[in-house]
Amino acid sequence: QVQLVESGGGLVQAGGSLRLSCAASGTIFSIYAMGWYRQAPGKQRELVADITSSGSTNYVDSVKGRFTISRDNAKNTVYLQMNSLKPEDTAVYYCNADLINLATIKRGMDYWGKGTLVTVSS
């Protein structure tokens, strides 16, 4: 069984910073990409940023220059440093992983954490 556990969400004023963490554990053979998605009330879930095992990154335009994704491959952990936060960043942030599960010997992208709430007040 694979588990992804997020931490680091909370309430912050506009202009502030938060750092999210997501640790993957369980029957993992290897992890390809890891990413952060978010879902605001009444909106669809959207990709915020992702990072490959070699460190290549991708960001949604709205967070470029403000958010930084990084990962520690040895710890199967991905981070999201969020600076200059805006009220429109308010959402539940979910961690996602593209990995090979030892239990099934299959690669899959449908591994999600339960989410962590980020609230940015104006």
Side-chain angles (χ1 to χ4, degrees):
Q1 187 175 359
V2 174
Q3 289 184 324
L4 275 65
V5 179
E6 303 102 336
S7 61
L11 173 64
V12 64
Q13 288 188 331
S17 298
L18 283 174
R19 189 190 193 212
L20 306 183
S21 300
C22 170
S25 62
T27 56
I28 298 169
F29 177 70
S30 66
I31 301 178
Y32 293 91
M34 297 187 79
W36 289 96
Y37 289 71
R38 65 186 179 187
Q39 187 166 19
K43 295 187 177 181
Q44 289 189 328
R45 190 175 296 190
E46 66 169 351
L47 173 66
V48 176
D50 60 17
I51 183 168
T52 66
S53 56
S54 61
S56 296
T57 60
N58 176 53
Y59 297 90
V60 67
D61 286 345
S62 60
V63 307
K64 287 180 179 177
R66 300 189 297 121
F67 291 11
T68 303
I69 189 170
S70 60
R71 64 188 280 181
D72 184 332
N73 291 330
K75 296 181 179 180
N76 287 341
T77 299
V78 64
Y79 307 96
L80 186 68
Q81 178 66 43
M82 305 186 294
N83 298 329
S84 302
L85 281 160
K86 303 176 181 180
E88 51 263 44
D89 295 317
T90 295
V92 178
Y93 284 70
Y94 297 91
C95 177
N96 173 265
D98 173 7
L99 55 84
I100 295 178
N101 189 333
L102 271 172
T104 61
I105 318 296
K106 288 184 179 180
R107 179 178 176 176
M109 298 177 62
D110 195 25
Y111 296 96
W112 296 90
K114 293 183 178 180
T116 185
L117 177 62
V118 172
T119 303
V120 184
S121 62
S122 57

Item checked: Pairwise side-chain contact, Asp72 with Tyr79, heavy-atom cut-off 4.5 Å (strictly under) ->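 Heavy-atom side-chain distance check passes, below 4.5 Å.
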
Next item on the list: Check whether any side-chain heavy atom of Leu20 sits under 4.5 Å from a side-chain heavy atom of Val78, and report yes or no.
Entry: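 They are not in contact (no side-chain heavy atoms under 4.5 Å apart), so the answer is no.
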
[atom1]-[atom2] distance between [X] and [Y], expressed to the nearest 0.5 angstrom:
X	Y	atom1	atom2	result
Asp50	Leu80	CG	CG	11.0 Å
Leu4	Met34	CG	CE	5.5 Å
Leu117	Glu6	CG	CD	11.5 Å
Ser53	Ile31	OG	CD1	9.5 Å
Thr57	Ile69	OG1	CD1	8.0 Å
Leu18	Met82	CG	CE	4.5 Å

Item checked: Residue pairs involving residues 9-20 (criterion side chain to side chain donor-acceptor pair (under 3.5 Å); sequence neighbours excluded) ->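 Every pair satisfying side chain to side chain donor-acceptor pair (under 3.5 Å) with a residue in residues 9-20: Ser17-Asn83.
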
Show me the side-chain donor-acceptor pairs of residues 87-102 shorter than 3.5 Å, one per line, residues at least two apart or across chains.
residue	atom	partner	partner atom	Å
Asp89	OD1	Arg38	NH1	3.0
Asp89	OD1	Arg66	NH2	3.0
Asp89	OD2	Arg66	NH1	2.8
Asp89	OD2	Arg66	NH2	3.4
Asp89	OD2	Lys86	N	2.8
Thr90	OG1	Pro87	O	2.9
Thr90	OG1	Val120	N	2.9
Thr90	OG1	Val120	O	3.4
Tyr93	OH	Arg38	NH1	2.9
Tyr93	OH	Asp89	O	2.6
Asn96	ND2	Met109	O	2.9
Asn96	ND2	Tyr111	O	3.2
Asp98	OD1	Arg107	NE	3.0
Asp98	OD2	Arg107	NE	3.4
Asp98	OD2	Arg107	NH2	2.8
Asn101	OD1	Thr27	OG1	2.7
Asn101	OD1	Ala103	N	2.8
Asn101	ND2	Tyr111	OH	3.2

Residue pairs fulfilling disulfide bond (SG atoms under 2.5 Å apart) with at least one residue in [range], sequence neighbours excluded:
range	answer
residues 24-77	none
residues 29-70	none
residues 42-76	none

Mind checking what makes side chain to side chain contact (heavy atoms under 4.5 Å, CB included) contact with [X], not counting sequence neighbours?
X	answer
Val60	Glu46, Ser62, Val63
Thr52	Ser54, Ser56
Lys64	Tyr59, Asp61

Item checked: All pairs passing ring-ring contact (aromatic ring centres under 6.0 Å, His included) where residues 4-50 contributes a residue, at least two apart ->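 Listed once each, the pairs are Tyr37-Trp112.
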
Next item on the list: For the pair Thr116 (side chain) and Gly9 (backbone), establish whether a donor and an acceptor sit closer than 3.5 Å, ignoring hydrogens and angles.
Entry: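 The answer is yes, because a donor-acceptor pair under 3.5 Å joins these two groups.
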
